[in-house]
Q: 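Take a look at this one; I'll ask things after.
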Number of protein chains: 2
Amino acid sequence: MFVKAEWSFNLSAKLDLLAAFAEIARGLGNAHRLDLLEHLAQGEKAVETLAAKAGLTVANASQHLQALRRVGLVVGERRGKQVVYRLSGDDVLDLVAALRTVGERHADSVKAVVRDYFHGRDSLDAVAFPVLEQRLRDGLVTLLDVRPPDEFADGHVPGALNIPLSDLKARLNEIPPGAEVVAYCRGPWCVLAFEAVAFLRGQGRGARRLDGGLPEWRRAGRQVVRPSAI
Amino acid sequence: MFVKAEWSFNLSAKLDLLAAFAEIARGLGNAHRLDLLEHLAQGEKAVETLAAKAGLTVANASQHLQALRRVGLVVGERRGKQVVYRLSGDDVLDLVAALRTVGERHADSVKAVVRDYFHGRDSLDAVAFPVLEQRLRDGLVTLLDVRPPDEFADGHVPGALNIPLSDLKARLNEIPPGAEVVAYCRGPWCVLAFEAVAFLRGQGRGARRLDGGLPEWRRAGRQVVRPSAI
DNA sequence: CGAACATTCAAGAGAGTTATTGAATGTTCG
DNA sequence: CGAACATTCAATAACTCTCTTGAATGTTCG
């Protein structure tokens, strides 16, 4: 079978454009860069902060951030001694969300990780946003933000109680007894919320994960508390 | 400044999961693979067909298709002598669309290609789907599908006239005079429709591009004619 | 100005990606 | 069965990506 090539003219326009899109995709094509994007989705951050949160050396984080900036996924702005990076737009969140959807539905590697690490925990019964809102109104749940305090301060769901995962054991008494706990953190696959739910269930508490983290909450057009806003 | 790492436990779960998503992104990270995905968005195709349409050797196309299959973006099915590939789901179209949105808004490389090749043509005044539908009802436009006949046969917008770009000059008389022409092809950046509009305008015809190709039309839940359906 | 700080740059080793080539596998058909 | 066909595999060379290291740049503050 032979199919004749259908253009003789503008081939390079097409390939140049596709190459530009491919470059963006390669920007997403590294676990550490996806991690950095998740951290940036919580709010803008300086290089050293990001390096620490992502467990990278500063030089390495800087290079990854420059790779992200080169393809337009983040923007960096010098602010005094620091260079502060942020996502270049909400469409970047949409892109990462689309990547996650495809992965969860079709990628065996994703399914394998979910099965090995997350399943048997509580993946199935995450609480959707509208359900949470109804139950909060009815006073039936305690909403728990298990991220570190600096990220909580940069924005959180109204009514959330901030107890970082690392402090949860010590501060268990701060959680009102009786009401079910709904925990959230940076995103749909943030391990902090999984760990919190597992721990709380081990303590005999009713606990579930929120289906999405703060970026998803914000992206869904919901209100975010930002006490330390400038 | 020193920020303590916030986990001591499930780090590998998180990185394994991100690595799995990153692998999918790398699957998109090549111009030829994006091209193959656009062709597959028109309908399922065998390896040799795809190789010809994308201008690749068969062995090379096969390798790219296997790369796409490995990360779950396409599925391949042996059908007799041939292996027929197709997109693994509509969410793949959504992912590519999200990539395009980010690129158009934030990537300088994309903007540069658009400026150099596509602008000065007609990029700005593409016709949206609802507008096309209204004008088709009112008999004000001729809808032109400039893709090759085999793709037209696999599905097209109701009421479209199929004249492949390569035949346009010779078959100009088939286009009813008077009515404005709206041309579409494989997707928002398919060069065929750009070229067709440029040519028709050069002939003094009123012509515009449809804002999206057949996959977008289908994805928007609109009717598709498929005369040669099995 | 000079010290301290935050970030970037440069170079290099090791690993991964891509196009090409030719051979190997699996399927159909006479 | 054997020839023809469609696809995949294997090996290779050129190229790109990533992390590490240490030096260089740019900014603030005393």
Q: If the condition is side-chain contact (heavy atoms from CB on, under 4.5 Å), which residues does B:D211 pass it with, not counting sequence neighbours?
A: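 Testing B:D211 for side-chain contact (heavy atoms from CB on, under 4.5 Å), a comparison that skips the adjacent residues, returns B:A126.
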
Q: Please report, rounded to the nearest Å, how far the P atom of C:dC5 is from the CD atom of A:E48.
A: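 Spelled out: CD on A:E48 to P on C:dC5 is 10 Å.
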
Q: Hey, is the main chain of A:A97 close enough, under 3.5 Å, to the side chain of A:T101 for a donor-acceptor pair?
A: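 Yes; at least one donor-acceptor contact below 3.5 Å.
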
Q: Extract from the structure each pairing of a protein N or O with an N or O of nucleotides 20-23 of chain C at less than 3.5 Å, listing the distance.
A:
residue	atom	partner	partner atom	Å
C:dT20	O4	B:Q63	OE1	3.3

Q: Please report the distance, rounded to the nearest Å, between CG in A:L36 and P in D:dC19.
A: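 In whole Å, D:dC19 P lies 10 Å from A:L36 CG.
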
Q: Whole angstrom is fine here: how far is it from CG in A:D35 over to P in D:dT18?
A: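 The distance from CG of A:D35 to P of D:dT18 comes to 15 Å, rounded to the nearest Å.
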
Q: Do B:L37 and B:V74 come within less than 4.5 Å of each other through their side chains, counting heavy atoms only?
A: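 Sidechains of B:V74 and B:L37: in contact.
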
Q: Short of 4.0 Å, heavy atom to strand atom, which residues of residues 65-76 of chain A count as contacting DNA chain C?
A: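 Contacting residues: A:Q66, A:R69.
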
Q: Expected output is a numbered-order residue list: members of residues 17-32 of chain A with a heavy atom under 4.0 Å from any atom of DNA chain D. What is it?
A: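 Close to the strand are A:R26, A:N30, A:H32.
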
Q: Output, in order, the C-alpha distance, side-chain angles, deciding distance and verdict of side-chain contact (heavy atoms from CB on, under 4.5 Å) for A:V83 and A:L65.
A: CA-CA 11 Å; A:V83 174; A:L65 289 164; over 6 Å; no

Q: Output yes when a side-chain donor or acceptor of A:Y117 lies under 3.5 Å from a complementary backbone atom of B:D16, and no otherwise.
A: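 The answer is no, because no donor-acceptor pair under 3.5 Å joins these two groups.
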
Q: Name the pairs: protein N/O against N/O of nucleotides 24-30 of chain C, kept only if under 3.5 Å.
A:
none

Q: Just N and O in the side chain of B:H64: are any of them under 4.0 Å from OP1 or OP2 of C:dA19?
A: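 Result: yes.
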
Q: Sub-3.5 Å donor-acceptor pair from the side chain of B:R78 to the main-chain atoms of B:K81, do we have one?
A: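 Checked: pair present.
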
Q: Think B:S62 has a side-chain N or O under 4.0 angstrom from the OP1 or OP2 of D:dT7?
A: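 Answer is no, no contact under 4.0 Å.
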
Q: Is there a side-chain contact between A:E174 and A:I163, using heavy atoms and a 4.5 Å cut-off?
A: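 Touching, per the 4.5 Å side-chain cut-off.
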
Q: Tabulate below the donor-acceptor pairs under 3.5 Å that side-chain atoms of residues 20-30 of chain B make, not counting sequence neighbours, or state none.
A:
residue	atom	partner	partner atom	Å
B:R26	NH1	A:G29	O	2.7
B:N30	OD1	B:H32	N	2.8
B:N30	OD1	B:R33	N	3.1

Q: When the distance from CG of A:L56 to C1' of C:dA6 is rounded to whole Å, what number comes out?
A: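 Answer to the nearest Å: 16 Å.
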
Q: Among residues two or more places apart or on two chains, list those pairs meeting side chain to side chain donor-acceptor pair (under 3.5 Å) that have a residue in residues 105-114 of chain B.
A: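 Every pair satisfying side chain to side chain donor-acceptor pair (under 3.5 Å) with a residue in residues 105-114 of chain B: A:D91-B:R105, A:D91-B:H106.
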
Q: For D:dA6, does either OP1 or OP2 sit under 4.0 Å from a side-chain N or O belonging to B:Y85?
A: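 Checking B:Y85 against D:dA6: no side-chain N or O falls below 4.0 Å of OP1 or OP2.
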
Q: Among residues at least two apart in sequence or on other chains, which ones pass side-chain contact (heavy atoms from CB on, under 4.5 Å) with B:P188?
A: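 For B:P188 the side-chain contact (heavy atoms from CB on, under 4.5 Å) partners, ignoring immediate neighbours, are B:R100, B:E216.
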
Q: Check this for me, if you would: do B:K53 and B:D150 make a salt bridge, where the nitrogen-to-carboxylate-oxygen distance has to be below 4.0 angstrom?
A: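 The answer is yes: the pair qualifies as a salt bridge.
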
Q: Is the shortest side-chain heavy-atom distance between A:D145 and A:V157 below 4.5 Å?
A: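 Counting from C-beta outward, A:D145 and A:V157 never come under 4.5 Å.
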
Q: Going by the rule side-chain contact (heavy atoms from CB on, under 4.5 Å), which residues pair with B:R219 if we only count those two or more places apart in sequence or in a different chain?
A: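 Partners of B:R219 by the side-chain contact (heavy atoms from CB on, under 4.5 Å) criterion, ordered by chain and then number, come out as B:D90, B:L93, B:D94.
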
Q: Taking only residues two or more places apart in sequence or in another chain, which ones pass side-chain contact (heavy atoms from CB on, under 4.5 Å) with B:A19?
A: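 Partners of B:A19 under the side-chain contact (heavy atoms from CB on, under 4.5 Å) test: A:A31.
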
Q: Would the distance check show the side chain of B:Q42 and the main-chain N or O of B:R186 forming a donor-acceptor pair, the cut-off being under 3.5 Å?
A: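 It does hold such a pair.
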
Q: Only stems of 3 or more consecutive Watson-Crick or G-U pairs count here, both distances under 3.5 Å; name the ones for DNA chain C, or none.
A: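 Runs of three or more consecutive pairs: C:1-30 with D:1-30.
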
Q: Who passes side chain to side chain donor-acceptor pair (under 3.5 Å) against A:E77, sequence neighbours left out?
A: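 Partners of A:E77 by the side chain to side chain donor-acceptor pair (under 3.5 Å) criterion, ordered by chain and then number, come out as A:R79, A:R86.
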
